[in-house]
Amino acid sequence: MSDGTAVAGPDGALRCPWALSTPDYVTYHDEEWGRPVHGDDALFERLSLEAFQSGLSWITILRRREGFRAAFAGFEIAKVATFTDADKDRLLADADIIRNRAKIEATMANARALAEWTPGDLDDLIWSHAPDPAARPAPKTLADVPAVTPESTALSKALKKRGLRFVGPTTAYALMQACGLVDDHLQACVARSAP
């Protein structure tokens, strides 16, 4: 049982303990999590997947990500914004995604709201909430990693004010972690960015 500190993986490199539970996690941890993501559609995808993850384990979403991408037109905001009730029925019957009516409806509603924004606004809004990396010490254990921060609370409020749903402070912080606004790889982790 890990004490929350970095753990040696099969290759001997130290990683965040959560990354070693499945090979899918190792790849995601090493190649994606915490790396900067830009672009409205890419951020819409991440925001949507984080919302679908709420109440579930991330591996459940990660293993269905390609199904989500197929079902939601590659998370192109302009396309998802045109989804109809027939699309909602199709999504509710799609075994390759999480068939949660509220989350499906929120994703469709969020796309319609975002389609009204100026291109680049979602990217600008999200990244405007990135904290100063120099003000955040590298976490040494998982206990040092917060679930919510003042920045994620502010981001959640800003997104809700602009009409988005399923974007609470915890979801907003998970988005910030996944998209590189914060680097929550443990201090000894091989994937930690250089200081």
Side-chain angles (χ1 to χ4, degrees), residues 6 9 13-20 23-54 58-59 61-66 68-69 72-78 80 107 110-111 113-115 117-140 142 144-160 162 164 166-195:
L14 294 174
R15 289 182 176 81
C16 301
W18 63 264
L20 297 173
D24 292 336
Y25 265 165
V26 173
T27 301
Y28 175 70
H29 168 272
D30 288 2
E31 299 175 10
E32 285 189 67
W33 192 75
R35 309 254 187 215
V37 174
H38 286 281
D40 291 348
D41 289 341
L43 289 166
F44 171 59
E45 174 182 351
R46 298 315 202 300
L47 189 61
S48 300
L49 293 177
E50 292 296 349
F52 272 99
Q53 185 271 330
S54 181
W58 177 245
I59 196 67
I61 303 303
L62 189 59
R63 288 181 173 156
R64 294 180 185 210
R65 185 163 54 173
E66 291 310 315
F68 274 106
R69 286 175 172 163
F72 284 97
F75 288 98
E76 289 182 44
I77 293 167
V80 180
T107 302
N110 288 349
L114 289 168
W117 294 24
T118 302
D121 274 2
L122 180 60
D123 191 300
D124 290 345
L125 177 71
I126 288 173
W127 278 91
S128 73
H129 289 82
D132 176 3
R136 292 177 51 91
K140 292 180 181 171
L142 293 180
D144 298 330
V145 178
V148 174
T149 64
E151 294 88 359
S152 75
T153 300
L155 175 57
S156 171
K157 287 179 182 175
L159 291 168
K160 288 177 181 178
R162 295 283 306 264
L164 299 191
F166 259 95
V167 290
T170 303
T171 297
Y173 193 67
L175 175 78
M176 293 171 76
Q177 291 175 304
C179 295
L181 280 77
V182 296
D183 185 354
D184 277 342
H185 286 287
L186 298 183
Q187 186 176 49
C189 178
V190 67
R192 175 99 191 154
S193 62

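Remark: the backbone N or O of D30 is paired with a side-chain donor or acceptor of R35 at under 3.5 angstrom. Remark: the backbone N or O of V148 is not paired with any side-chain donor or acceptor of T170 at under 3.5 angstrom. R162 places no side-chain N or O within 3.5 Å of a backbone atom of A113 that could act as its donor or acceptor partner. No donor-acceptor pair closer than 3.5 Å links the side chain of D123 to the backbone N or O of D40. No side-chain donor-acceptor contact under 3.5 Å links T27 to the backbone of D24.
Between L47 atom CG and F166 atom CZ the span is 11.5 Å, to the nearest 0.5 Å. Here Y28 contributes atom OH and R65 contributes atom CZ; the two are 7.0 Å apart, rounded to the nearest 0.5 Å. With rounding to the nearest 0.5 Å, the separation of CD1 in I61 from CD in E50 is 9.0 Å. Interatomic distance, W127 CH2 to M176 CE, rounded to the nearest 0.5 Å: 9.0 Å.
By the 30° and 60° cut-offs, the orientation of the rings of H29 relative to H185 is perpendicular.
Between F52 and T107 there is a side-chain heavy-atom pair separated by less than 4.5 Å. Within the 4.5 Å cutoff, no side-chain heavy atoms of D183 are placed close to those of P133. When side chains are defined from C-beta on, L159 counts as touching L122, because their heavy atoms get closer than 4.5 Å. Between L114 and L164, the closest side-chain pair of non-hydrogen atoms falls below 4.5 Å.
Residue V145 comes nearest to P139 through the heavy atom pair CG2-CB, 3.8 Å, listed as atom of the first residue, atom of the second, then distance. The two residues L175 and R46 have their closest heavy-atom pair at CD1-CB, 3.6 Å. Heavy atoms only, all atoms of each residue included: Y25 and L62 are closest at CD2-CD2, 4.1 Å. In terms of heavy atoms, L43 sits closest to C179 at CD2-SG, 3.8 Å. Of all non-hydrogen atoms in A178 and V37, the two that sit nearest each other are O-CG2, 4.5 Å. Across all non-hydrogen atoms, the minimal contact from A188 to A6 is CB-CB, 3.9 Å.
Ring-centre distance between W33 and W18: below the 6.0 Å cut-off.
In terms of the ring-ring contact (aromatic ring centres under 6.0 Å, His included) criterion, residue partners of F75 (sequence neighbours excluded) are, by chain and number, F44, F72. Every side-chain contact (heavy atoms from CB on, under 4.5 Å) that D41 has, sequence neighbours left out, goes to E76, I77. For H129, the ring-ring contact (aromatic ring centres under 6.0 Å, His included) test picks out no residue, with sequence neighbours left out. Remark: P150 engages no residue in a side-chain contact (heavy atoms from CB on, under 4.5 Å) (not counting sequence neighbours). Every side chain to side chain donor-acceptor pair (under 3.5 Å) that E151 has, sequence neighbours left out, goes to T149. Qualifying side-chain contact (heavy atoms from CB on, under 4.5 Å) partners for K157, counting only residues two or more places apart in sequence or in other chains: T153.
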Report task. Apply side-chain contact (heavy atoms from CB on, under 4.5 Å) to L155 and V167, showing your working. Result -> CA-CA 9 Å; L155 175 57; V167 290; over 6 Å; no
